[in-house]
Protein chains: 2
Amino acid sequence: MSIAAVAQRAGVSPATVSRAFNAPQTVAPATRARIEAAAQFLAYTPNASAQTLRTRRTRSLGVLLPTLLNPVFAEYLSGVADAASSAGYSIVPVATDYVEARESDALVKLIARDVDGLLLTVANAQQSALLARLRRSGLPYVLTYNRHPEHPCVCVDGETAMRQLVSLAHAAGHRRIAMVSGQRNASDRAQQRHQGYLTAMHEFGLAPRLIEVPFMEALPSALTQPLGKADRPTALLCSNDLLAIRSLRAAAMAQLRVPEDVAVIGFDGIALGQELVTTLTTVAQPNRDIGLRGVQWLIDALSRHELPRPAHSITLPHQVRPGESFPLPHPMPSTPFPCHAESPL
Amino acid sequence: MSIAAVAQRAGVSPATVSRAFNAPQTVAPATRARIEAAAQFLAYTPNASAQTLRTRRTRSLGVLLPTLLNPVFAEYLSGVADAASSAGYSIVPVATDYVEARESDALVKLIARDVDGLLLTVANAQQSALLARLRRSGLPYVLTYNRHPEHPCVCVDGETAMRQLVSLAHAAGHRRIAMVSGQRNASDRAQQRHQGYLTAMHEFGLAPRLIEVPFMEALPSALTQPLGKADRPTALLCSNDLLAIRSLRAAAMAQLRVPEDVAVIGFDGIALGQELVTTLTTVAQPNRDIGLRGVQWLIDALSRHELPRPAHSITLPHQVRPGESFPLPHPMPSTPFPCHAESPL
DNA sequence: CTGTTAGCGCTTTCAT
DNA sequence: ATGAAAGCGCTAACAG
């Protein structure tokens, strides 16, 4: 059903029908009523492509993210989807698996799809030629999870969080505190978390120990082996929850009790962590909110015909979520690493 | 950059440029070369909306699914995304949370978006007015996970799988075999699985026991309570992996060892099941493949200007994936419930 | 093999 | 408050 059919049936011109939909107050109530009736009767739906061709707006957002197989990003995307949907936008997600080449491909495709704006989580915001191009393109975008002073970001302060964890572990009496990480340069988040670990360990005069785990293997020897040694770590700070879950299994394989023999903390706050036999103590990120806020910011910018400004980047608060894998003091010590949310809205 | 600009620079008409892109062999090599050079130079990208307006094809697929927060559907969507992307289609996912009203809304929105086809997983394919409307609409679609004789489906035979599990449990000596299920009428899959359980229990002359769990609570008493009783079940057949993971925790809370005191089997085959301290024995569905096949079928139909035909529905093979939560005989008994894949391709 | 022409459905000046 | 008319960028007959 085209607008012309509605116009004819309502006895008005196509232009008036268009107005009745897009600027109802500019059309006389009586006329509007007739138009609405006609539209109803004909089950008229505006043709999105024609609107787009004319207005150059698609009301869709591209979402570039590493993977859907990590629940962190599934939770995030779920937030993105809800926020977009309730603002009348649809989303076009593309997973890139942390591969830079796929990030570029995806970007090109999304741009060709004429998305109105872009939400992206890239492997590494520092060395991403992508972002430079993107900024030059003039297409509105917001980075999520990534932190970078020259780009608009909705993120969490992973470095601070990690320092906080080291501090907690130290306060609990731990001295052999290891960090479990995937291939470290896989993402800038992992790097930041690692940096926080190193800094804090240094501050406490402790020797850092890095356990680097190939991401693909289910139960890598990289993980089981250090736990077999006499001077094994007593606390494992994991760069993400998936690694923490593997660490729990590695500990069990090594006949170690969690948390008595080895305490484990995760990072990300995936929902499943709370359902495990040993619930996961973890740094809970507001994954859904990261998505929500990103979308809101983007759409807000879109509506004012502006670009999201790097200076308005938001750092959302994280929180250490208690679990059985690492007992926390009660009450939590007043955190020496305050974390404020700054809102651009 | 419009096609006109390219045409001008290459010294040909717009139509020829269009042909050079859409039917290269119909254009003289020399001309084509000039056009390509011009396009390259101007960084020309075809305008998708204009193409759509003209051809009535968007090269995008709507994906209606229950939720992204269950890894089953995240794995599935990941398959969908890959298959779509490699066929040059983008996807527009919408999560409906098993709520029929949201299913209808989503459908309307996707249709308004002019998707070329639809992949959907609905709560209940039997009583979904949605599907009747959808079929009448003439828009090509494929159901995934749902089974229904009158719709094109890519699914798994959950009823047979469940009977197989009862049979395995019985063979392992279990007699008090309970089924753990969410609100049973939440989805037709859950119903089918439950039906398989009932049938098989009846065949073996065993009394069925249903443990029904409110989906939202993390550790529902519905689950812990039956495990405290003297005649507690010795085997828990769970309607999905998330419930199985909760069951593992419930068992631990009740001081029961898995599998010695109570054995647990899941259903779905999410990747995380293999990373737990007690790895999950489960019915592994080919989640990614369900997505892949659904997309392939849909796109194939699209290309022939046909609708996917119900008669060509595919039942993909499931398999019982061994884990520590329920020891399996070695080798597996030749399954009394053969499961063939029938391909429409 | 290539050009001309018309029009997909909508929005938006510009008139009235 | 409403209508007429032009055009967004592209493709598909139809001619030549």
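This structure is a prediction, so every number in the text was calculated from the model and none was measured. First the proteins, then the strands, lettered A, B, ... as listed; each starts at 1.
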[atom1] of [X] versus [atom2] of [N]: gap in Å, rounded?
X       : N       : atom1 : atom2 : value
F21(B)  : dA12(D) : CZ    : C1'   : 18 Å
M1(B)   : dC8(D)  : CE    : C1'   : 14 Å
Q25(A)  : dT2(D)  : CD    : P     : 13 Å
D114(A) : dC10(D) : CG    : C1'   : 13 Å

### Message
For Y145(B) and F73(B), take the angle between the two ring planes, folded into 0 to 90°, and tell me which bin it lands in: parallel under 30, tilted 30 to 60, perpendicular over 60.
### Response
perpendicular
Salt bridge [X]-[Y], side-chain N to carboxylate O under 4.0 Å:
X       : Y       : answer
K109(B) : D105(B) : no
D114(A) : R57(A)  : no
D97(B)  : R102(B) : yes

### Task
Tell me which nucleotide among dG3(D), dT11(D), dA1(D) gets nearest to the side chain of A28(A).
dA1(D)
Can a donor-acceptor pair be found between the side chains of [X] and [Y] at a distance below 3.5 Å?
X      : Y       : result
S49(A) : R56(B)  : no
S60(B) : R113(A) : no
T52(A) : T58(A)  : no

### Query
For dC10(D), does either OP1 or OP2 sit under 4.0 Å from a side-chain N or O belonging to T55(B)?
no
### Task
Would you tell me if any nitrogen or oxygen in the side chain of S13(A) comes within less than 4.0 Å of OP1 or OP2 on dG3(D)?
yes
### Summary
Outermost contacting nts on DNA chain C, any atom under 4.0 Å from chain A heavy atoms, listed 5' then 3', are dG9(C) to dT13(C)
### Summary
In numerical order, the residues of residues 41-54 of chain A whose heavy atoms come under 4.0 Å of DNA chain D are L53(A), R54(A)
### Query
Which value, rounded to the nearest 0.5 Å, describes the distance between N146(B) atom CG and S187(B) atom OG?
8.0 Å
### Task
Decide whether a cation-pi geometry holds between R288(A) and Y76(A); the criteria are a distance under 6.0 Å from NZ or CZ to the six-membered ring centre and an angle within 45° of the ring axis.
no
### Query
Looking for any heavy atom pair under 4.0 Å, which part of the strands does R56(B) touch: base, sugar-phosphate only, or nothing?
sugar-phosphate
